[in-house]
Amino acid sequence: MSRASLDDGTDDAGAALPETCLSFELRGEWGHFRRVEGNIVKQTYRIIPRTTVAGLVAAMLGLERDSYYEAFGPSASAVAVEPIEELRAMNVPQNTLSTAKEHMTTMPSRGHARISMPDPTELRQQHNYELLVDPAYRIDLRLADDHLRERLRARLEDGTSYYSPSLGLSEHLAEVTYLGEFDVTPKARETTRVDSAVVEAVDSVELEPDTEVNVERSPAFMTADEGGRTTRAFQSLAYATGAEPLRVHDIETREVDGRRVMFS
């Protein structure tokens, strides 16, 4: 996927994104956004992936699993993520029970109100999880779907959620704070400081003393299929581990609430 199609949500299908965005903060004591690469240690992305933002919003709205990918597609949505606290992680061994279908017990066996849980008599498996400590992000979200946008605005204003929002794993609950609706103003290509994660412009980031810059490539878009869902595009993000703005050369940005951000 080209940088242009990631940076400008109106490019792919000409869908009209609103000229405003809904902004909210996510924060919690712990977070874990599991990287797709296999590893003995279950490593985490530092920046909440775009697909996870979509899943979190879908959970707040009570949308069915695998039903919302088109609403958060590149032509129907735009997301900017700004880390607002230092990004740090630690390894935490955890004993877990298998949640594979064959190891789950459903109670009661009949009826609509049933729950499934793993068999507590089975042996635990120990995994090393890399967890984010006190993760916090500002999310700027544009949605072309008027109905979904209004439903989300109402949820944010009321401080309610259909399902409990979490930062990756369900046990890492997220605190959501609505910041308001802000104009999105396009800015001409220039060299400027970017407050959000830098999208698909890693080579344009100016390295500065005392600022540690990391890069990660995370899932951006998904599509539903017969097996459930498939990631259909990834994006490269650059960010400062200390959550400082990065100086980036020759890029297009958007101004939101006096900040410079890059949407994807």
Side-chain angles (χ1 to χ4, degrees), residues 6 8-28 31 33 47-82 84 112-113 135-185 196-197 199 218-225 228-233 235 254 256-257 259 261-264:
L6 285 173
D8 187 341
T10 65
D11 289 345
D12 280 4
L17 288 174
E19 296 180 352
T20 61
C21 66
L22 301 177
S23 297
F24 54 95
E25 279 188 9
L26 300 173
R27 63 174 62 239
F33 312 118
I47 301 293
I48 181 172
R50 193 189 195 284
T51 51
T52 305
V53 173
L56 183 143
V57 171
M60 293 177 64
L61 298 176
L63 305 181
E64 292 186 6
R65 181 182 174 88
D66 302 329
S67 69
Y68 55 86
Y69 304 138
E70 288 188 8
F72 289 87
S75 63
S77 68
V79 179
V81 178
E82 175 188 348
I84 54 179
H112 296 292
Y137 309 94
R138 172 168 174 160
I139 308 295
D140 301 305
L141 173 62
R142 304 168 72 188
L143 284 175
D145 188 313
D146 294 338
H147 181 60
L148 284 184
R149 187 171 65 254
E150 292 308 313
R151 286 176 59 188
L152 177 60
R153 187 208 313 276
R155 287 286 186 186
L156 291 169
E157 289 177 342
D158 295 344
T160 60
S161 178
Y162 190 92
Y163 295 108
S164 299
S166 64
L167 295 170
L169 299 179
S170 60
E171 57 265 43
H172 303 321
L173 296 178
E175 177 183 344
V176 182
T177 303
Y178 183 44
L179 302 177
E181 183 170 7
F182 299 94
D183 293 334
V184 177
T185 305
S196 70
V199 183
S218 60
F221 302 101
M222 293 188 297
T223 186
D225 57 25
R229 61 187 180 186
T230 299
T231 301
R232 66 182 179 95
Q235 62 185 8
R254 305 287 193 272
V256 174
D257 191 23
R259 305 151 44 248
V261 303
M262 295 183 72
F263 284 95
S264 66

For residues 163-170, which side-chain donor-acceptor pairs fall under 3.5 Å, sequence neighbours excluded?
from, atom 1, to, atom 2, distance (Å)
Ser166, OG, Leu169, O, 3.4

Do Val256 and Glu82 touch side chain to side chain, with heavy atoms closer than 4.5 Å? no
Can you sort out the partners of Arg155 under salt bridge (Lys or Arg N to Asp or Glu O under 4.0 Å), two or more places apart, ordered by chain and number? none
Sequence neighbours excluded, the answer for salt bridge (Lys or Arg N to Asp or Glu O under 4.0 Å) partners of Glu181 is Arg153
Distance-only, no hydrogens or angles: does the Arg232 side chain make a donor-acceptor pair with backbone N or O of Phe221 under 3.5 Å? no
Please name the pair of heavy atoms, one in Arg142 and one in Cys21, separated by the smallest distance, quoted to 0.1 Å. CG-CB, 3.7 Å
Is a side-chain donor-acceptor pair under 3.5 Å present for Ser77 with Arg50? yes
Check for me whether Arg229 meets the cation-pi criterion with Phe72, that is, NZ or CZ under 6.0 Å from the six-membered ring centre and within 45 degrees of the ring axis. no
Value rounded to 0.5 Å, distance of CZ in Phe24 from CG in Leu156: 6.0 Å
Would you give the length of the straight line joining atom CD of Glu25 to atom CD of Glu175, rounded to the nearest 0.5 angstrom? 8.5 Å
Under the rule for salt bridge (Lys or Arg N to Asp or Glu O under 4.0 Å), what residues qualify as partners of Asp158, not counting sequence neighbours? none
Could you check whether any side-chain heavy atom of Leu141 comes within less than 4.5 Å of a side-chain heavy atom of Leu152, counting everything from C-beta outward? yes
side-chain hydrogen bond (donor to acceptor under 3.5 Å, both in side chains) against Arg149, all qualifying residues, sequence neighbours excluded: Asp146
Taking side chain as C-beta onward, heavy atoms only, is Ile84 less than 4.5 Å from Arg27? yes
Report the distance from atom CD of Gln235 to atom CD1 of Ile47, rounding to the nearest 0.5 Å. 10.5 Å
Does CD in Glu19 sit with more than 12 non-hydrogen atoms of other residues, nucleotides or ligands closer than 6.0 Å? no
Working to the nearest 0.5 Å, report the span between CG of Leu56 and CD1 of Ile139. 8.5 Å
To the nearest 0.5 Å, how far apart are CE in Met60 and OG in Ser161? 5.0 Å
Is Arg254 paired with Asp140 through a side-chain N to carboxylate O contact shorter than 4.0 Å? no
Applying salt bridge (Lys or Arg N to Asp or Glu O under 4.0 Å), name anything that partners Glu70, two or more places apart in sequence or on another chain. none
For Val184 and Leu17, run side chain to side chain contact (heavy atoms under 4.5 Å, CB included): C-alpha distance rounded to whole Å, both residues' side-chain angles, the deciding distance at 0.1 Å, then the answer. CA-CA 10 Å; Val184 177; Leu17 288 174; over 6 Å; no
To the nearest 0.5 angstrom, please state how far the CD1 atom of Ile48 sits from the OH atom of Tyr137. 6.5 Å
